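Scroll down for the structure; my scribbles are underneath it.
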Amino acid sequence: MENLLCEKGEMIEQTLLLDDSGTQKGGFRTLPFILGNAALTNAATSALTPNMILYLMNEYHMDMTTGSNIIYMWSAVTNIAPVVGAFMADSIVGRFQMIGLGSVVTLVGMFLFWLTSVIPQARPPPCVNSNNICRSAEMFQLFFLCFSLGIVAIGAGAVKSSSLAFGSDQLKREVYQDNTHLMERYFSWYYASYALSILVALTCLVYIQVNMGWALGYGAPVLLMLFSTLLIYLGTPFYVKLKPKSSLITGLFQVIVASYRNRCLKLLSRSEGIQYHQKKGSTVVLPSEKLRFLNKACIVQDPRLDLSPDGEAIDPWRLCTVDQVEELKALLKVVPIWLTGVVLSINISQNTFPVLQANTMDRHIGSSFEIPAASFGIFAVISAILWIVLYDYLILPIASKLTGKPAHFSTKERMGFGLFLSFLSVLVVAVVEGVRRSIAIKEGYLDDPEGVIPMSAMWLLPQNSLTGFAEALHAIGQNEFYISEFPRSMSSVAASLLGVGMGVGSLLASSIMSTIDDLTKGGGEESWVSSNINKGHYDYYYLVLAGFSLVNILCYIVCSKAYGPCKEEVMEEEKP
């Protein structure tokens, strides 16, 4: 990055903004503060997840289902919080204030969570080994644990909601608007730092937790979060801080409210002289005929009462623009396809059992080094990065050479293939777990869920690789699909849909696990999702997920055909 700053030094000096006191604002020099804050925050919060199920089961004496449900709920809040944060940043507090406040809140939450590992009274006493008696956590201890995790999720969501957009604010002025490759380079830096932070969390920070104890293991992320908070505020004199304005999300709700309030209006044909409220400078004159009931939101009933002298709506909650109506229609149109992505999110959310599974297998590389059980998720991250590189530099060139013309896979094709790979991944998990469980029982570990069996943990690589490939294919395809199908004004909504889908997927994953636990532990039988994974039947559990995934693929095919050709497919057909 330093070399790039030197190469672009002269241009940067020419394009920095000045405030009233003559202080230079914006430019590439602000990015180390913004990217550093985002990367450190992500590394700190990501380090809490991998070993969390072991922490809850060993220190809080929770069973598998209860611990997993807490993690699912926490994940849901973590993924949905950025949407709320983006709304508040855009319309109320501003992006810098949202990042700064979010960093402080995250730091407080992580400090409180760290206290659970150093204060004995914050968690239940250790089990009495002679009688295997374990006391459950008291109400206050559970409240303190969940409160700290909730604060972390809200704060991290606030940071994540605005970091990418705040960085682009520093470049969207004067000459930067004419150099799109600079913006693309910034996006590359952002996602590269994001991936690097996850790798650090899954390797270094997880290693500290496993080998140096919970106090140091959860103390290190607190220090990272402290540096992250200091870093974002150190760059305060240099930032461009745009004032908050009306949020697009607000506009979408205004359409819903206005269409309901105008529900008594009769919809006539376009030829009968209906006046629609248009946004100044917009090329959209008339609303589309799909979802016509929403068109009531943009009908001008009486110009003298509905419109101000400058042509704006007097009450935006009763009269909206045609653009607002079409934006909501575009969002509703993609909902069926979005829902199919939620099922994939359910599969991706299964990050508790794989840790327990790996913990019972031989994880040694050589005679001395042992991979931490929680670090096997790194292979999914590496696979995702590998797929991105192979797709651009190997798969597309080979396909182009074989077909004799530039090859391109549509966003819907990539999303569909991602769903198929996700189906294969849970199917592989079921098969590998069936083999692992058989070996564990054969070796006499039926009552010892922590006993290490003579089976290499490298058997877990295929399922992690398939998960990484599936997530990369579907997530990138989904983002591109939304961005290409939505109006440009909806880019923020397009970026939020994936996170909301992950949050909903976590909630559904919690519901599925609880339901299967209730259905399978009746009559004195061991639950499929038992804390003793050798007595449970996680192979059956993952077969259920595979069944959901297979049905989901069929639903996706139906929804994809019902959606019709997307814009990129239309453009491809129009090419000579």
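These numbers were taken from a predicted model, which means no experiment stands behind them. Throughout, residue positions are numbered sequentially from 1 according to the sequence presented.
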Exercise. Would you please say whether a donor-acceptor pair under 3.5 Å links the side chains of Thr467 and Asn347?
Key: no
Practice problem: On the 0 to 90° scale, with breaks at 30° and 60°, tag the Phe379-Phe376 ring pair as parallel, tilted or perpendicular. | Solution: tilted
Exercise. Identify whether the distance between the nearest side-chain nitrogen and carboxylate oxygen of Asp447 and Lys535 falls below 4.0 Å.
Key: yes
Quiz prompt | Side chain proximity check, Met513 to Ile516, heavy atoms < 4.5 angstrom | solution = no
Quiz item: Are Met73 and Leu507 side-chain neighbours, meaning at least one heavy-atom pair lies under 4.5 Å?
Solution: yes
Exercise. Indicate whether any N or O donor in one side chain lies under 3.5 Å from an N or O acceptor in the other, for Tyr538 and Gln350.
Key: no
Exercise. Can you measure from OG1 (Thr78) to CG (Leu149) and round to the nearest 0.5 angstrom?
Key: 8.5 Å
Quiz item: CG of Leu386 to CG of Leu394: how many Å apart, nearest 0.5 Å?
Solution: 9.5 Å
Quiz item: So, the side chain of Ser531 versus the backbone of Met64: is there a donor-acceptor pair under 3.5 Å, distance only?
Solution: yes
Quiz item: Is Tyr391 atom OH crowded by more than 12 heavy atoms from other residues, nucleotides or ligands, each under 6.0 Å away?
Solution: yes
Exercise. May I ask you to check whether Trp528 and Tyr540 place their ring centers less than 6.0 Å from one another?
Key: yes
Quiz prompt | Side-chain touch Ile348/Met502, heavy atoms, less than 4.5 angstrom | solution = yes
Quiz item: Quick one: do the Thr66 and Asp63 side chains pair a donor with an acceptor below 3.5 Å?
Solution: yes
Quiz item: Would Tyr218 and Tyr55 count as a close aromatic pair, with their ring centres under 6.0 Å?
Solution: yes
Quiz item: Between Asn552 and Thr340, is any side-chain donor less than 3.5 angstrom from a side-chain acceptor?
Solution: no
Exercise. Can you establish whether the number of heavy atoms outside Phe369 located under 6.0 Å from its atom CZ is more than 12?
Key: yes
Quiz prompt | Residues in side chain to side chain donor-acceptor pair (under 3.5 Å) contact with Glu526, at least two apart in sequence or another chain | solution = Ser530
Self-check item: Reported OG-to-CH2 distance for the pair Ser383 and Trp387, which is rounded to 0.5 angstrom
Solution: 11.5 Å
Practice problem: If the plane angle is over 60° it's perpendicular, under 30° parallel, otherwise tilted; pick one for Tyr194 and Tyr190. | Solution: parallel
Quiz item: About how many Å separate NE2 of His61 and SG of Cys134, when rounded to the nearest 0.5 Å?
Solution: 5.0 Å
Quiz prompt | Set of side-chain contact (heavy atoms from CB on, under 4.5 Å) partners for Ala430, sequence neighbours left out | solution = Tyr542, Leu543
Quiz item: Does the side chain of Glu138 reach to within under 4.5 Å of the side chain of Pro124, using non-hydrogen atoms?
Solution: no
Quiz item: Any side-chain heavy atom of Lys160 within less than 4.5 Å of one from Thr41?
Solution: no
Quiz item: Is any side-chain heavy atom of Ser103 closer than 4.5 Å to a side-chain heavy atom of Asn37?
Solution: yes
Quiz prompt | Option among Leu519, Asp517, Asp518, Ile512 that satisfies the side chain to side chain contact (heavy atoms under 4.5 Å, CB included) test with Thr515 | solution = Leu519
Quiz item: How about Tyr556 and Lys412: do any of their side-chain heavy atoms sit closer than 4.5 Å?
Solution: yes
Quiz prompt | Between OG1 on residue Thr411 and CG on residue Leu473, distance to nearest 0.5 Å | solution = 12.0 Å
Quiz item: For Phe147, does the CZ atom have more than 12 heavy-atom neighbours from other residues, nucleotides or ligands under 6.0 Å away?
Solution: no
Quiz item: Distance from Leu56 atom CG to Thr352 atom OG1, nearest 0.5 Å?
Solution: 10.0 Å
